[in-house]
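This report concerns only the one structure given below.
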Amino acid sequence: MSKARILNVVGARPNFMKMAPLIEAFAARDDRFEQRLVHTGQHYDERMSKAFFEDLGMPRPDLDLEVGSGSHANQTGRIMMAFETVCQAERPNLVVVVGDVNSTMACTITAKKLGIKVAHVEAGLRSRDMTMPEEINRLCTDVLCDYLFTTDRFADDNLRAEGVDEDRIHFVGNVMIDTLMKHRSMAAALGLAARLGLAPGHYMTVTLHRPSNVDDPAVLKGILEALAELSERMPVVFPIHPRTRKMVDQAGLGGFLTSGDRVPEHGLWTCEPLGYLEFLHLNMNARLVLTDSGGLQEETSVLGVPCLTLRHNTERPITCSEGTNALVGNDKARILAVAGEVLDRPPGVARVPEKWDGHAAERIVEILARTL
Ligand code: UD1
C-alpha cells in the first residue's frame with residue numbers, strides 16, 4: 001500500500017503543543033504515512049514560536065510561510081495564497097489542522113477548494129460568541145472538514161446539532177493533554193519558581209490576550225486594578241503576550257506592572273512570554289490561575305489547580321462541569337470577589353475528563369490508518 005501524504009499545519013502558539021504528539025504518532029506509523037510540517041508564521045517572535053519547537057522536541061517546519069501579523073482579512077488572505085502554492089506543489093492526501101486560529105480556518109478553506117481532505121483536531125468546540133474571531137474560525141473549519149476529532153462529548157453534541165453526519169465525528173480525547181502528560185515530570189524538575197522566589201501553592205499566574213479584555217483601555221485598566229489588588233494577598237506572575245504589552249503601553253497603564261529578577265511579595269510582576277516547560281512548571285504549583293486562554297482552562301483542570309476564566313463564556317464547558325474552571329467575566333469587583341472566595345477555601349478535587357489520558361494522538365492516527 002502506498003503511503004498517505006500528510007501536510008500538518010501550525011500557525012500560532014497554541015497550535016504547537018497540539019501538533020507535537022500528532023507528529024510523533026504519525027512518525028510511529030511511517031509504514032502508512034509520510035508527513036510534512038507547514039508553519040504559516042502567524043506567530044513569529046522567538047518566544048511565541050521557536051522556543052516551543054525546542055521545548056516540545058518538534059522537528060523544524062519543512063515549510064515556513066512567514067505571513068506575520070495583519071488585520072484578520074489581510075492575514076487570512078495571505079495564509080490562503082501561500083498555502084495554495086504549497087498544496088499544489090505537495091499534493092497531499094490529507095491536511096491536518098488544529099485549534100481555532102486564523103491559520104486553521106485559512107488552510108482548511110484553501111485545501112478543500114483544491115479537493116484535498118482535511119482533518120480538524122479539536123473540532124466541535126463552541127462558545128456561541130460570534131464576537132470572538134476564534135468562534136468564526138471554528139464554525140467555518142468544522143463545516144468543511146472530512147474528519148472531526150473531538151475532545152469531549154459536548155463537542156460531539158454541538159456538531160450533531162449542526163447536522164454533521166455521525167461518520168465524520170470521532171471522539172478521541174485531548175492532544176494538548178497528551179503533551180502535558182509527556183512533559184509533566186520534566187517541567188516539575190525545573191528550578192524556575194525557586195529562582196523567582198516563589199513558594200509552591202503561594203502564588204498566582206495570569207495570562208491575558210483576548211481582544212475583549214485587552215483592546216479596550218477601560219476594561220484592561222479594571223482587570224489590572226483587580227490583579228494589583230489580588231497581589232496584596234500573594235505574588236502574581238504575569239507573562240505578557242505581545243498584543244497585551246502593546247495595549248498596556250498605548251493606554252499608558254505600565255504603572256500597574258513591575259519587573260525584575262525576583263517576584264515581589266506584592267505587585268503585578270510581568271515577564272516576557274515563557275516557554276512551554278517553564279509555564280507548565282509555574283502553573284502546576286500555583287494556588288490560582290487567572291486567564292482568558294482556552295488551553296489553560298484544560299491544563300489547570302488536569303493539574304487540579306483552580307482556574308478563573310476572565311470571560312463570560314467558554315467553548316470548553318467540561319472544564320467547569322468536571323474540571324477546576326469557573327467563568328468570572330472581566331468586571332473588577334466580580335474578579336476580586338470570586339478570587340477571594342477561591343483563595344479562602346482549600347483547593348477542591350477535579351475529575352479528569354474522559355479520554356484525557358495522554359493517548360489522543362495515537363487514536364487519531366489509528367483512525368486515519370484505518371480509513372484514509
Ligand atoms: C492568536 C489567535 C488566538 C490565540 C493566540 C495565542 C487568531 C484569531 N487568534 O491571537 O486564538 O489564542 O494567538 O497567542 O488566530 N505579535 C507579535 N509577535 C508574534 C505574534 C503577534 O508581536 O509573534 C503581536 C502583533 O502586534 C500582532 C498581535 O500580537 O498584531 C496579535 O497577534 P495575532 O496573531 O493577530 O493574534 P493573537 O492575539 O496572538
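Quantities reported herein were computed from a predicted structural model and do not represent experimental measurements. We count ligands from 1, going down the list as the structure has it; atoms in each ligand are counted the same way.
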Quick test of your reading of the structure: of R210, R245, H43, R13, whose heavy atom lies closest to atom 39 (O) of ligand 1? H43
Of all the atoms in ligand 1, which lie at a distance below 4.0 Å from a heavy atom belonging to P14? 4 (C), 6 (C)
Just so I know, are the side chains of M247 and P217 near enough to count as touching, which here means a heavy-atom distance under 4.5 Å? no
What protein heavy atom lies closest to atom 2 (C) of ligand 1? Include the residue and the distance to one decimal. V101 CG1, 3.7 Å
Starting from atom 8 (C) of ligand 1, find the nearest protein heavy-atom neighbour and note its residue, name and distance. N102 OD1, 3.2 Å
Identify, for atom 12 (O) of ligand 1, the protein heavy atom at the shortest distance, and state residue, atom and that distance. H209 NE2, 2.8 Å
I'd like to check which ligand 1 atoms, numbered from 1 as shown, lie under 4.0 Å from a non-hydrogen atom of H72. 8 (C)
Decide, yes or no, whether a salt bridge links R160 with E166 under the criterion of side-chain N to carboxylate O below 4.0 Å. yes
Under 4.0 Å from any heavy atom of S69, which atoms of ligand 1 are there? 21 (C), 25 (C), 27 (C), 30 (O)
For ligand 1, which atoms have a heavy atom of M48 less than 4.0 angstrom away? 14 (O), 23 (O)
For atom 26 (O) of ligand 1, the protein heavy atom that lies nearest, with its residue and separation: K246 NZ, 2.8 Å
Identify the closest protein heavy atom to atom 17 (C) of ligand 1: which residue and atom is it, and at what distance? Y44 OH, 3.3 Å
For residues P61 and V10, determine if any side-chain heavy atom of one lies less than 4.5 Å from a side-chain heavy atom of the other. no
Measure the distance from atom 22 (O) of ligand 1 to every protein heavy atom, then report the residue, atom name and distance (to 0.1 Å) of the closest one. P242 CB, 3.2 Å
Please classify the E134 to ligand 1 contact at 4.0 Å (heavy-atom distances, strictly less than): side chain, backbone, both or neither. side chain
Distance under 4.0 Å to a non-hydrogen atom of Q42: what atoms of ligand 1 satisfy this? 7 (C), 15 (O), 34 (O)
Only one of F16, F52, Y44 passes ring-ring contact (aromatic ring centres under 6.0 Å, His included) with H39, and that residue is F16
Kindly determine whether R363 and E366 satisfy salt bridge (Lys or Arg N to Asp or Glu O under 4.0 Å), including the steps that lead there. CA-CA 5 Å; R363 287 186 197 106; E366 182 47 43; over 6 Å; no
Identity and separation of the nearest protein heavy atom to atom 28 (C) of ligand 1: R243 CB, 4.0 Å
With the threshold set at under 4.0 angstrom, would you say R47 reaches ligand 1 through any of its heavy atoms? no
Could you tell me if R153 sits above the aromatic ring of F171, with its cationic atom closer than 6.0 Å to the ring centre and no more than 45 degrees from the axis? no
